[in-house]
Amino acid sequence: MPTNADAAELFRGIADVLDVLGERFKPEAYRRAARSIESLTEGLADVAARGDLRTIPGVGDAIEEKIREYLGTGRLDYYDRLQKEVPPGILTLLRIPGLGPKTARRFWLELGVEGPAELADAIQQHRLDGVKGFGPKKIEQIRVALAAAAGAPAAARLPIEVATAIAQRLVAGLRAAGGVEQIELAGSFRRGRETVGDLDILVTSADPERIFDAFSRLPDVGEVKLRGGTKETVVLRGGLQVDLRVVEPAAFGAAWQYFTGSKDHNVRLRSLARDRGLKINEYGVFRGEERVGGRTEQEVYGTLDLAWIPPELREDRGEIDAAAKGPLPPLVERTDLVGDLHLHLPPGAGARDVDQLVATARARKLSYLGLVVARVEPDASRSTLSTAVLDRLDSVKSAGLTIVRAVEAGADGIPAEWAKLRHDYVIVRPTAAQAEPPTSARTPFGAALVAHVGGEESGRRWVAWARSQGAAVEVGPGPDRLDSTGARTAREARVPLVLPTGVDRQEDDPTCPVALGFARRAGAGPSDVRNTAPVAEITAAWSKKRRA
DNA sequence: GCCGTTTTCGGCCCGACTGTTTTCAGTCG
């Protein structure tokens with residue numbers, strides 16, 4: 001059975017061919033459908049079985065038909081036929097930066113070039129010289145891009161937790177250089193997507209040239225790709241592309257909204273504006289020549305009679321219609337997290353580490369800490385906190401901060417040797433030996449939290465299992481935790497989420513903000529997250545479960 | 001090919017930047 005990602009790739013392939021064939025609007029239509037399919041929280045086959053394919057934004061009669069054929073046979077006749085129309089190498093050319101469908105088509109039809117290698121030959125043989133529209137600079141640009149593409153694979157999207165550290169460095173570097181008034185990140189980074197393809201940084205400053213100069217000299221920056229009066233594009237040494245834009249304060253909100261996206265969200269917004277005789281661009285909202293908004297994002301949405309929409313929801317999945325009806329339900333915030341339910345002390349930790357953790361927790365105004373006192377490691381070995389540490393945990397218990405004790409084990413149960421180990425709840429963490437949830441409805445214990453589960457299919461099965469256990473699920477970065485899709489699946493199944501607070505990590509650690517972003521992308525409000533509740537409420541639920 | 005509380009047909013976001021151009025085409029985001 002093809003996955004959603006397979007179907008999305010198929011439609012992108014169709015779009016590429018149609019692009020080269022010179023179709024005007026169909027390519028975007030297929031790409032739109034591809035994006036929608038990718039962001040679904042359930043399998044395409046399930047949607048098809050319910051007869052709901054047409055409810056997917058961008059899917060109409062023709063594409064519904066094609067999805068059904070593809071799901072049924074694993075092929076698509078239309079795509080097979082299309083592929084015969086264009087040499088495969090021409091589609092490869094589309095991946096070369098700066099080279100689009102129009103140019104690829106001309107190479108193919110006017111020069112008989114059918115792929116990257118042939119194009120490189122043609123350049124070397126000076127067959128492009130004198131061709132209309134291709135001056136020496138353009139030819140050199142293509143030659144260099146071809147050589148670069150031949151060596152390295154296309155730059156992969158970066159996990160957001162990795163991009164976070166880079167973004168923090170860049171922003172700190174720009175601030176340190178001076179001349180920066182306001183600086184914010186935009187793009188898919190701000191929307192909290194799992195991966196980012198590039199970074200977008202927005203600055204207000206009286207002296208854009210100074211900002212661009214400083215940016216070009218940051219140690220992370222490898223190459224300046226282009227630089228104009230309002231924007232500079234660089235490629236970092238690690239390969240990540242970063243766009244920096246300098247805007248005037250009166251347009252900051254409009255620019256921030258514009259560059260945050262998503263594309264589909266913005267398209268909807270601008271067509272709404274047009275219906276009202278307004279025009280939205282990165283400089284503001286305009287009625288004729290007059291700017292009627294743009295200093296803040298609230299102004300931009302306000303001119304369309306929309307409530308402000310949190311960036312994590314801006315994917316054109318119904319958020320605009322919801323914002324037209326009134327303020328959106330609040331999403332969970334960092335300050336809503338009043339405790340942490342999944343903390344580890346480092347191996348060999350002593351009483352002093354407990355004190356450290358407690359001090360940090362107090363400073364961050366957390367009122368409870370769920371600490372793992374014994375765990376089955378992923379390699380099946382077992383470890384328990386030292387008696388000294390356990391004693392220290394008891395001593396801090398009365399001081400305004402509650403410590404609750406967890407044991408962490410696989411889904412096959414907790415080891416018998418822990419029978420006398422005092423604990424308040426159980427965290428299930430899948431072991432290598434049991435990577436999939438048990439099929440029996442009940443296990444010998446009631447898990448309170450299922451942690452370290454990820455993956456599209458496997459995540460869905462663990463969420464279903466957590467539901468059968470009355471357990472919460474952990475959200476966070478990395479392949480072994482639930483991302484925003486997993487979090488949405490959980491929320492829709494009314495399985496509570498648990499978010500890491502990062503209290504056991506460095507101040508700039510991305511785990512907490514990234515997890516929070518995933519939960520928000522899933523539409524989670526405070527009540528969807530278990531560790532927004534006071535500890536008494538949580539422990540009451542645990543003891544009720546134990547009696548059941 | 002999709003889409004519609006002004007449309008079932010006629011639209012489809014919009015601007016920066018680059019290179020090649022005497023006014024614009026292509027690409028990108």
Candidates A:R105, A:R12, A:R31, A:R24 - the one meeting salt bridge (Lys or Arg N to Asp or Glu O under 4.0 Å) with A:D19: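 Of A:R105, A:R12, A:R31, A:R24, salt bridge (Lys or Arg N to Asp or Glu O under 4.0 Å) with A:D19 is met by A:R31 alone.
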
Does a side-chain N or O of [X] approach OP1 or OP2 of [N] to a distance below 4.0 Å, or not?
{"X": "A:Q141", "N": "B:dT18", "value": "no"}
{"X": "A:N281", "N": "B:dG15", "value": "yes"}
{"X": "A:K66", "N": "B:dG1", "value": "yes"}
{"X": "A:S271", "N": "B:dC12", "value": "no"}

Between [N] atom [atom2] and [X] atom [atom1], what is the distance in whole Å?
{"X": "A:D305", "N": "B:dT5", "atom1": "CG", "atom2": "P", "result": "16 Å"}
{"X": "A:R276", "N": "B:dG4", "atom1": "CZ", "atom2": "C1'", "result": "16 Å"}
{"X": "A:E65", "N": "B:dC2", "atom1": "CD", "atom2": "P", "result": "11 Å"}
{"X": "A:N266", "N": "B:dC14", "atom1": "CG", "atom2": "P", "result": "11 Å"}
{"X": "A:Q257", "N": "B:dG29", "atom1": "CD", "atom2": "C1'", "result": "14 Å"}
{"X": "A:R95", "N": "B:dC28", "atom1": "CZ", "atom2": "P", "result": "10 Å"}
{"X": "A:R314", "N": "B:dG29", "atom1": "CZ", "atom2": "P", "result": "21 Å"}
{"X": "A:E28", "N": "B:dT27", "atom1": "CD", "atom2": "P", "result": "14 Å"}

5' priority, DNA chain B, between A:R32 and A:E282 [closest heavy atom]: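 Nearest nucleotide further toward 5': that of A:R32.
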
Earlier contact from the 5' end, DNA chain B, for A:R274 and A:Y78: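 Nearest nucleotide further toward 5': that of A:Y78.
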
side-chain hydrogen bond (donor to acceptor under 3.5 Å, both in side chains) between A:S484 and A:E194, worked out: CA-CA 8 Å; A:S484 71; A:E194 278 71 10; 2.7 Å; yes

Nearest-0.5 Å distance, OG of residue A:S36 to CD of residue A:E315: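 So the gap between those two atoms works out to 10.0 Å.
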
Test side-chain contact (heavy atoms from CB on, under 4.5 Å) applied to A:Y283 and A:V247, step by step: CA-CA 8 Å; A:Y283 302 109; A:V247 302; 5.7 Å; no

Pairwise [atom1] distance for [N] and [M], with rounding to whole Å:
{"N": "B:dC12", "M": "B:dT7", "atom1": "C1'", "value": "13 Å"}
{"N": "B:dC17", "M": "B:dT23", "atom1": "P", "value": "23 Å"}
{"N": "B:dG26", "M": "B:dT20", "atom1": "P", "value": "14 Å"}
{"N": "B:dC2", "M": "B:dT8", "atom1": "C1'", "value": "12 Å"}
{"N": "B:dT5", "M": "B:dG1", "atom1": "C1'", "value": "24 Å"}

By the 4.0 Å heavy-atom rule, please label [X] as base, sugar-phosphate, or nothing.
{"X": "A:G261", "answer": "nothing"}
{"X": "A:E232", "answer": "nothing"}
{"X": "A:P27", "answer": "nothing"}
{"X": "A:E23", "answer": "nothing"}
{"X": "A:R227", "answer": "sugar-phosphate"}
{"X": "A:L99", "answer": "sugar-phosphate"}
{"X": "A:K279", "answer": "sugar-phosphate"}

Per-pair stack call A:F25 and B:dC2, 5.5 Å, 30°: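 A stacking contact does not exist, since A:F25 is not both close and nearly parallel to the base ring of B:dC2.
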
As a test of reading the structure: which of [options] is closest to the side chain of [X], going by heavy atoms?
{"X": "A:K138", "options": "B:dG19, B:dT6, B:dG29", "result": "B:dG19"}
{"X": "A:A62", "options": "B:dT27, B:dG1, B:dT20", "result": "B:dG1"}
{"X": "A:L226", "options": "B:dC17, B:dG15, B:dT27", "result": "B:dC17"}
{"X": "A:K231", "options": "B:dG1, B:dT27, B:dC17", "result": "B:dC17"}
{"X": "A:K137", "options": "B:dG15, B:dG19, B:dT6", "result": "B:dG19"}

Side chain proximity check, A:E184 to A:V171, heavy atoms < 4.5 angstrom: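 No - every pair of side-chain heavy atoms lies 4.5 Å or more apart.
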
Within 45° cone and under 6.0 Å: A:K66 NZ/CZ vs A:Y78 ring: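 Cation-pi check for A:K66 and A:Y78: passes.
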
Six-ring centre of A:W256, A:R190 cation under 6.0 angstrom, axis tolerance 45°: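 Yes.
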
Heavy-atom donor-acceptor pair, A:Y258 side-chain to B:dG15 base, under 3.5 Å: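 Counting by modelled atom types and ignoring angles, no donor-acceptor contact under 3.5 Å is found here.
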
Near-ring test A:F107/A:F134, centroid separation under 6.0 angstrom: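 Yes; A:F107 has its ring centre under 6.0 Å from that of A:F134.
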
Residue matched to B:dT8 through Watson-Crick or wobble contacts both under 3.5 angstrom: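 None - no nucleotide pairs with B:dT8, as no candidate has both distances under 3.5 Å.
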
